[in-house]
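Note that ligands are numbered from 1 as they come in the structure, with each ligand's atoms numbered from 1 the same way. Each residue takes its place number in the sequence, starting with 1.
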Amino acid sequence: MNVLVFNSGSSSLKYRLVDSTNGKDLCKGRLERLGEEHSHARHQWLSGTGVRREQGEDYDSLDHSAALQHIYQHLETLAEQENLPSPEAIGHRVVHGGDRFRRAVAIDQNVITEIEQLAPLAPLHNPPALAVINQCREHFPQLPQAAVFDTAFHQRMPAHARRYAVPDHWYRDHRVQRYGFHGISHGYAARAAAQQLGRPLEQLKLITLHLGNGASAAAIKNGHSVDTSMGMTPLEGLVMGTRSGDVDIAAALHVAREEGLDLGQLEQELRQCSGLLGLCGSNDVRDISSRSDQGDAAAKLALAIYAYRIRKYIGAYIAVLGGLDALVFTAGVGENSAAVRAMACTDMQNLGISIDKARNRCPGLDGSKAIHTPGAPVTILIVRANEELEIARQTMALLNAR
Ligand code: AMP
């Protein structure tokens, strides 16, 4: 089934047409800097003769609606000129499904209303996704559409992992609890790991580490997330590109009082000016690693803090799971940074975690993405993140089950 997948961010819109039966991308692209002075579009596709093509263009400011029109036009041109097949279904990534959505759902008016009601929990992400959903329903009225939620994979976390120790009315009146995010990626990585291990997911204890610009860890037992590092919002947990991760809220309040910051400014400091950027002035692990190699003390410390937080979560989640079969690295940093993987696994032999230096430096050379020392009790794997394929598969599974 050819599934057209949309992933809308606050200022970007990514799309991909995926053959969900074989996982092949037929075309994909991203439109960025939406709502800014200049927007940029980049498209890649397979020509009718099987050659990979790409094209990039700059535009005056596009909003999400104009970006979507641009994508429709591009798909129609490719259909005419390159025989690109038509989509048979549409899958949308929706960041927040609250505790209402535990799995992907077919979109109807009730689902749209419920996603609207969840907007206060994800004000930057749910509204643009809804705008894209509504427009797609008008443009492709004949196509079934599914919403696939970033939070859904974590919605079976037990109450003791979900709830914060705060006044009970915070939970009752304001839905304050831990929802977790990156669920599409954690779910995909867990299934890919089970496949590589050749064992049923339902029998495995896994820790998946999604380390991109945003970063989170998940403890997965028998195919379900039992704990994850992001909480009510994506701010909690690991150190990220620009987000602080775990921090003493009283420290933030202290700075707000001292500097006279209002709540919006405080939130901005924690979301956009913290993490690796706050520690050393850059949020790109490539730059930070090369600065660290050249002896830059701030970069070295930033990497050390970043890796130490990951190690703490690995240790905690081994306790939560009561053991570990595999540790899985995914997303930009997880897939590409041998230095971060090595630092995150330092001194963990007594927990069964032992990374093989040569395989970690050049993963895949022996045809496997396993990077643990041969014979070590815990398998360590690298899985290439593919949220769009996971959305396409969940969309197809949902429609096939109807
Ligand atoms: P993502 O959010 O998954 O696209 O990951 C983006 C982040 O991955 C970037 O900000 C970089 O910090 C990191 N990254 C990408 N490529 C590399 C690389 N070769 N080495 C280290 N980090 C990388």
**Q** Would you call Asp227 and Arg178 a salt bridge, using N to O less than 4.0 angstrom?
**A**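 Yes, charged N to carboxylate O under 4.0 Å.
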
**Q** Taking atom CG as the centre, does Asp60 end up with more than 12 heavy-atom neighbours from other residues, nucleotides or ligands that are less than 6.0 angstrom away?
**A**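 No.
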
**Q** So among Arg93, Arg191, Arg16, Arg384, which one has a salt bridge (Lys or Arg N to Asp or Glu O under 4.0 Å) with Glu390?
**A**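 Going through Arg93, Arg191, Arg16, Arg384 one by one, the salt bridge (Lys or Arg N to Asp or Glu O under 4.0 Å) with Glu390 is satisfied by Arg191 alone.
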
**Q** Please list all pairs passing the side-chain hydrogen bond (donor to acceptor under 3.5 Å, both in side chains) test where one or both residues lie in residues 323-347, with sequence neighbours left out.
**A**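 Every pair satisfying side-chain hydrogen bond (donor to acceptor under 3.5 Å, both in side chains) with a residue in residues 323-347: Arg341-Asn360.
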
**Q** Does a salt bridge link Arg42 with Glu32, judged by any charged N lying under 4.0 Å from a carboxylate O?
**A**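 Judged by the 4.0 Å cut-off on N to carboxylate O distance, Arg42 and Glu32 do not form a salt bridge.
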
**Q** Short question: side chain of His182, backbone of His210 - any donor-acceptor pair under 3.5 Å?
**A**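 It does not hold such a pair.
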
**Q** Where does ligand 1 get N/O contacts under 3.5 Å from the protein, atom by atom?
**A**
residue  : atom   : partner : partner atom : Å
ligand 1 : 2 (O)  : Asn213  : N            : 2.9
ligand 1 : 3 (O)  : Gly332  : N            : 2.9
ligand 1 : 8 (O)  : Val333  : N            : 3.4
ligand 1 : 12 (O) : Asp284  : OD1          : 3.4
ligand 1 : 12 (O) : Val285  : N            : 2.7

